[in-house]
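Some notes on the structure that comes next.
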Amino acid sequence: MSVLKIKKSNLIFLIVIALLIIPQTRQPIQVLLHKGLALIKSVTVNNEKLTKLDNYKWRLKDENNNIYNFEEAKGKVVFINFWATWCPPCIAEMPSIQKLYEDYNNKVEFIFVTNDYYSDINPFLKKNNYSFKVFRPQEAYPEFFNISSIPRTYLIDKEGNVVIDEIGAANWNSDSVRNTIDGLLN
């Protein structure tokens with residue numbers, strides 16, 4: 001390898017490292033990487049050992065301080081997404097979730113949960129033209145939801161069985177997810 005090629009590759013490496021260190025460029029680069037990963041990562045549908053949600057006792061609060069009782073979701077197909085406005089994998093998967101929400105919001109109970117404040121949530125939603133409602137926990141998560149990292153998404157059938165339990169960014173607007181939801185609705 002010539003000295004010129006080595007210098008060019010070192011320069012490119014240094015530029016990439018610098019872009020990842022600078023806060024203004026780090027998040028967009030991470031979001032882009034996660035979007036790419038989400039497109040190739042398939043969502044795993046639990047067909048064998050279904051875990052059953054045994055506790056619907058949980059209250060959430062919307063931005064107007066209205067309480068959402070999770071008991072209202074009992075007997076419905078439920079899509080629950082735990083996320084944050086500062087989380088690159090969460091940001092990466094949101095466009096696909098918005099598309100899914102636009103098509104299924106009258107048939108599926110969508111619940112978006114974050115610990116962020118509405119002063120951060122609302123500008124994020126507006127900037128990205130997201131139309132779904134976001135909740136903050138009113139009390140501790142039920143033990144069933146083992147939220148050790150975000151994003152964490154669950155798809156629950158009408159009987160309370162967890163059909164999908166996904167950690168990390170995913171393409172929620174995929175044919176496999178849509179076919180799974182259609183099957184749960186029929």
Side-chain angles (χ1 to χ4, degrees), residues 34 37-116 121 125 130-186:
H34 283 285
L37 291 172
L39 289 175
I40 59 174
K41 176 185 173 189
S42 59
V43 174
T44 306
V45 178
N46 302 331
N47 289 322
E48 295 172 12
K49 295 188 229 172
L50 294 179
T51 308
K52 189 163 182 116
L53 180 64
D54 58 354
N55 180 3
Y56 283 83
K57 293 182 177 144
W58 184 34
R59 294 180 314 143
L60 303 161
K61 190 185 284 189
D62 70 13
E63 71 174 308
N64 298 316
N65 292 321
N66 296 316
I67 300 296
Y68 174 81
N69 188 338
F70 189 53
E71 292 271 345
E72 295 174 32
K74 210 174 213 178
K76 298 177 183 177
V77 174
V78 182
F79 183 97
I80 303 176
N81 180 262
F82 295 89
W83 69 287
T85 58
W86 49 264
C87 163
C90 303
I91 296 167
E93 73 176 359
M94 282 296 168
S96 70
I97 294 176
Q98 176 64 35
K99 288 177 185 168
L100 192 71
Y101 175 79
E102 288 168 2
D103 291 342
Y104 288 96
N105 70 12
N106 293 324
K107 303 171 190 166
V108 173
E109 190 79 4
F110 282 87
I111 303 170
F112 296 88
V113 183
T114 183
N115 287 322
D116 289 355
I121 298 167
L125 295 175
Y130 295 140
S131 58
F132 47 80
K133 192 174 195 176
V134 176
F135 298 94
R136 296 190 71 229
Q138 177 67 23
E139 53 202 26
Y141 300 125
E143 285 184 30
F144 178 84
F145 297 116
N146 181 19
I147 311 303
S148 56
S149 66
I150 55 173
R152 181 84 180 253
T153 305
Y154 296 90
L155 182 64
I156 303 168
D157 69 13
K158 294 175 183 178
E159 288 76 42
N161 296 306
V162 176
V163 177
I164 295 175
D165 176 357
E166 195 71 37
I167 299 172
N171 178 11
W172 293 103
N173 194 35
S174 69
D175 289 340
S176 65
V177 172
R178 287 176 169 275
N179 291 337
T180 299
I181 291 174
D182 290 340
L184 296 176
L185 292 171
N186 291 333

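Counting from 1, the numbers follow the sequence of the chain as shown.
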Do the rings of Phe145 and Trp58 sit parallel, tilted or perpendicular, given the 30° and 60° boundaries?
-> tilted

Classify the angle between the aromatic ring planes of Tyr101 and Phe112 as parallel (below 30°), tilted (30 to 60°) or perpendicular (above 60°).
-> perpendicular

How many angstroms lie between atom [atom1] of [X] and atom [atom2] of [Y], to the nearest 0.5 angstrom?
X      : Y      : atom1 : atom2 : answer
Ile164 : Asp157 : CD1   : CG    : 11.0 Å
Asn171 : Leu100 : CG    : CG    : 9.5 Å
Glu102 : Ile97  : CD    : CD1   : 12.5 Å
Lys74  : Asn69  : NZ    : CG    : 10.0 Å
Phe132 : Ile111 : CZ    : CD1   : 13.5 Å
Ile80  : Phe70  : CD1   : CZ    : 3.5 Å

Charged N to carboxylate O below 4.0 Å: is that the case for Asp116 and Arg136?
-> no

Sole residue of Leu155, Leu53, Val108, Ile156 in side-chain contact (heavy atoms from CB on, under 4.5 Å) with Val78 | Ile156

Checking the side chain of [X] only, and the main-chain atoms of [Y] only, is there a donor and an acceptor separated by less than 3.5 Å?
X      : Y      : answer
Glu166 : Thr153 : no
Asn64  : Asn66  : no
Lys107 : Val77  : no
Asn65  : Lys61  : no
Ser96  : Trp172 : yes
Glu63  : Val134 : no
Thr114 : Trp83  : yes
Asn179 : Asp175 : yes

Side-chain heavy atoms of Thr51 within contact of Asp165, under 4.5 Å | no

Side-chain contact, heavy-atom cut-off 4.5 Å: Cys90 with Phe82?
-> no

Looking at every non-hydrogen atom in both residues, tell me the closest pair between [X] and [Y] and how far apart they are.
X      : Y     : answer
Tyr68  : Ala73 : OH-CB, 3.6 Å
Glu139 : Arg59 : OE2-N, 3.0 Å
Ser131 : Gln98 : OG-NE2, 2.8 Å
Trp86  : Ile91 : C-CD1, 4.4 Å
Pro151 : Pro89 : CD-CB, 3.6 Å
Asn81  : Met94 : OD1-CE, 3.6 Å

Would the number of heavy atoms belonging to other residues, nucleotides or ligands and lying under 6.0 Å from NZ of Lys99 be above 12?
-> no

Steps toward side-chain contact (heavy atoms from CB on, under 4.5 Å) verdict (Asn105, Phe79) = CA-CA 10 Å; Asn105 70 12; Phe79 183 97; over 6 Å; no

